[in-house]
Protein chains: 2
Amino acid sequence: MSAPATDSTAYSPRQNDVLDSALRLLVEGGEKALTTAGLARAANCSKESLYKWFGDRDGLLSAVIEFQARKVRVPAEAEGLLNAAELRQRLEEFARELLAVLASDASLALNRLAIGQASGEGARLGRLLQERGRRGIGRRIEALLEAARDAGLLAFDEAGEAYATLYGLIVTDQHLRWLLGEKPDAASFGPRAEKAVAAFLRLHGI
Amino acid sequence: MSAPATDSTAYSPRQNDVLDSALRLLVEGGEKALTTAGLARAANCSKESLYKWFGDRDGLLSAVIEFQARKVRVPAEAEGLLNAAELRQRLEEFARELLAVLASDASLALNRLAIGQASGEGARLGRLLQERGRRGIGRRIEALLEAARDAGLLAFDEAGEAYATLYGLIVTDQHLRWLLGEKPDAASFGPRAEKAVAAFLRLHGI
DNA sequence: GCGCAAACGTACCGTACGGTACGGTACTTG
DNA sequence: CAAGTACCGTACCGTACGGTACGTTTGCGC
């Protein structure tokens with residue numbers, strides 16, 4: 001859909017390679033590992049090029065976040081559900097995906113980066129991450145919830161609030177624990193997703 | 001022999017003053033603002049004393065976390081509830097307190113610090129924060145939940161799981177949003193607490 | 001083949017930080 | 001009062017980073 005001609009974020013293949021190296025450094029060693037000299041060495045480019053392309057270190061960090069957000073872009077859901085079993089299945093799938101995304105190395109690294117920057121600074125990266133990442137997912141699932149309500153399968157006042165409840169039931173404090181260094185256990189995603197959706201349906205199902 | 005032993009309460013009043021200054025610096029400017037020279041200036045002490053007391057910068061960071069955890073220590077609940085209305089009130093109070101703690105400057109600063117350190121390092125500070133902070137609150141509220149179950153007011157299989165559900169309903173993704181820089185709105189804590197507890201009771205209440 | 005722009009590699013600069021060393025000072029202890 | 005201890009303030013060292021400058025190389029249009 002969106003032509004790659006969106007000039008604001010038009011990065012050449014070479015620049016995308018560099019951003020890929022930057023993300024890898026970030027995942028492996030955190031913000032401290034993402035130095036201009038280190039990135040230049042890892043990506044076989046010159047520091048001068050980095051400053052030419054991204055302005056300064058902050059621009060580089062923002063570019064990495066946008067780079068990753070662009071990769072995660074999920075295609076819109078096919079809009080053809082309707083019975084209760086299908087809704088449950090959709091929600092469980094969403095829950096598993098959400099847990100997998102939040103537990104991924106890249107997501108954790110970028111969230112850690114943005115959270116580290118949020119102190120003292122104006123939370124630029126935090127807003128960026130919020131806007132590019134969670135917001136998209138939220139809009140998508142809220143649309144699903146509203147469709148289900150129109151079909152008489154769910155009851156709630158406000159989609160945003162219902163989504164917040166669903167999110168809380170799925171994620172609880174796992175995300176924070178992962179951010180603090182706990183290792184994710186992918187095998188637990190499935191059961192957790194099922195339980196969370198069951199609780200959600202008990203709260204908002206018809 | 002390196003660090004003066006993480007022996008907890010072995011800090012003098014002078015050292016506690018210094019840790020207080022350190023926490024203030026951390027709250028105001030994040031990890032970058034907590035430099036040895038800056039702390040020495042802010043606390044009117046010498047850098048040499050800092051290294052003598054805390055070993056190195058990491059020891060200082062750990063000491064700040066323990067220092068704050070010791071201050072937050074909440075007294076055990078009075079164990080004399082029983083009817084459903086009181087349980088609801090207790091849970092709502094807990095929810096409001098939890099939101100207030102998570103939204104506090106000190107908590108956010110320390111969580112940001114530990115999360116920043118969690119990349120690349122072995123998540124020492126993360127485990128420390130988890131152990132000293134959340135764990136204590138969790139044990140306390142789980143005891144309340146089990147007491148309520150014994151009194152026939154709640155139904156659940158495992159207290160840890162029920163607590164996770166309650167936590168998720170209360171906090172949703174607010175904690176992360178705050179960590180990313182969003183400003184907390186204290187006026188929303190009350191309504192949110194009531195709704196979360198209402199949902200929890202609909203799930204687990206008799 | 002030629003010229004030109006882009007980008008590479010490296011050397012360099014200023015700064016700021018973690019950590020150490022040292023002289024001076026106040027306060028205790030015999 | 002003398003010896004000792006704990007601490008302050010400051011100066012210092014090595015290192016590492018962000019950012020800049022420059023000479024060299026690569027690739028593409030003509």
Side-chain angles (χ1 to χ4, degrees), chain A residues 7 10-26 28-65 67 109 112-114 116-117 119-122 124-125, chain B residues 1-5 7 10-26 28-65 109 112-113 116-117 119-121 124-125:
Chain A
D7 36 3
Y11 290 122
S12 74
R14 178 70 183 121
Q15 288 162 11
N16 277 325
D17 286 349
V18 172
L19 289 176
D20 201 56
S21 292
L23 183 57
R24 185 175 354 263
L25 287 176
L26 209 56
E28 286 169 4
E31 182 186 354
K32 298 177 301 302
L34 183 51
T35 67
T36 53
L39 177 58
R41 202 174 322 114
N44 288 324
C45 72
S46 72
K47 289 176 63 174
E48 196 168 25
S49 298
L50 293 180
Y51 286 100
K52 182 172 193 174
W53 294 333
F54 308 110
D56 58 4
R57 190 169 182 272
D58 256 29
L60 173 63
L61 298 180
S62 303
V64 173
I65 289 183
F67 168 73
R112 289 195 184 108
L113 169 66
Q117 294 277 119
S119 258
E121 280 206 40
R124 281 187 32 263
L125 294 185
Chain B
M1 55 204 61
S2 54
D7 208 351
Y11 290 123
S12 74
R14 177 69 181 120
Q15 287 162 11
N16 278 325
D17 286 350
V18 172
L19 289 176
D20 201 57
S21 291
L23 184 56
R24 187 177 350 267
L25 287 177
L26 208 55
E28 287 170 1
E31 183 187 352
K32 298 177 300 303
L34 183 49
T35 67
T36 53
L39 176 58
R41 202 175 319 116
N44 288 325
C45 73
S46 72
K47 288 175 64 174
E48 196 167 24
S49 298
L50 293 181
Y51 286 99
K52 183 174 192 172
W53 295 333
F54 307 110
D56 58 2
R57 189 168 183 272
D58 255 30
L60 173 64
L61 298 180
S62 302
V64 173
I65 289 184
R112 288 194 185 111
L113 170 63
Q117 293 279 118
S119 259
E121 279 206 42
R124 280 187 32 262
L125 294 184

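Small disclaimer: the values here were computed from a predicted structure and weren't measured. Protein chains get the first letters and strands the later ones, always in sequence-line order, with residue 1 at the start of each.
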Could you state the atom-to-atom distance from CG of B:Asn44 to P of C:dA26 in whole Å? 15 Å

For A:Phe54, what residues pass the ring pair (Phe, Tyr, Trp, His ring centres under 6.0 Å) criterion, not counting sequence neighbours? A:Tyr11

Please give me every residue in residues 45-61 of chain A whose heavy atoms get under 4.0 Å of an atom in DNA chain D, ordered by residue number. A:Lys47, A:Glu48, A:Tyr51, A:Asp56, A:Arg57

In a check of side-chain contact (heavy atoms from CB on, under 4.5 Å) between A:Val64 and each of A:Leu39, A:Leu19, A:Val18, which one passes? A:Leu19

Measure across B:Cys45 and B:Arg14 and return the closest heavy-atom pair with its distance rounded to 0.1 Å. CB-NH2, 3.5 Å

B:Asp17: partners by side chain to side chain donor-acceptor pair (under 3.5 Å), with sequence neighbours left out: none

So, does A:Gln15 use its side chain to make a donor-acceptor pair with the main chain of A:Ser12 at under 3.5 Å? yes

A:Asp58: partners by side-chain contact (heavy atoms from CB on, under 4.5 Å), with sequence neighbours left out: A:Asp56, A:Leu61, A:Gln117, A:Glu121, A:Arg124

Reading DNA chain D 5' to 3', which nucleotide is the first, and which the last, to come under 4.0 Å of any heavy atom in chain A? D:dC17 to D:dC22

For A:Arg41, is the CZ atom crowded, meaning more than 12 foreign heavy atoms sit under 6.0 Å from it? no

Can you name the side chain to side chain donor-acceptor pair (under 3.5 Å) partners of A:Thr36, sequence neighbours left out? none

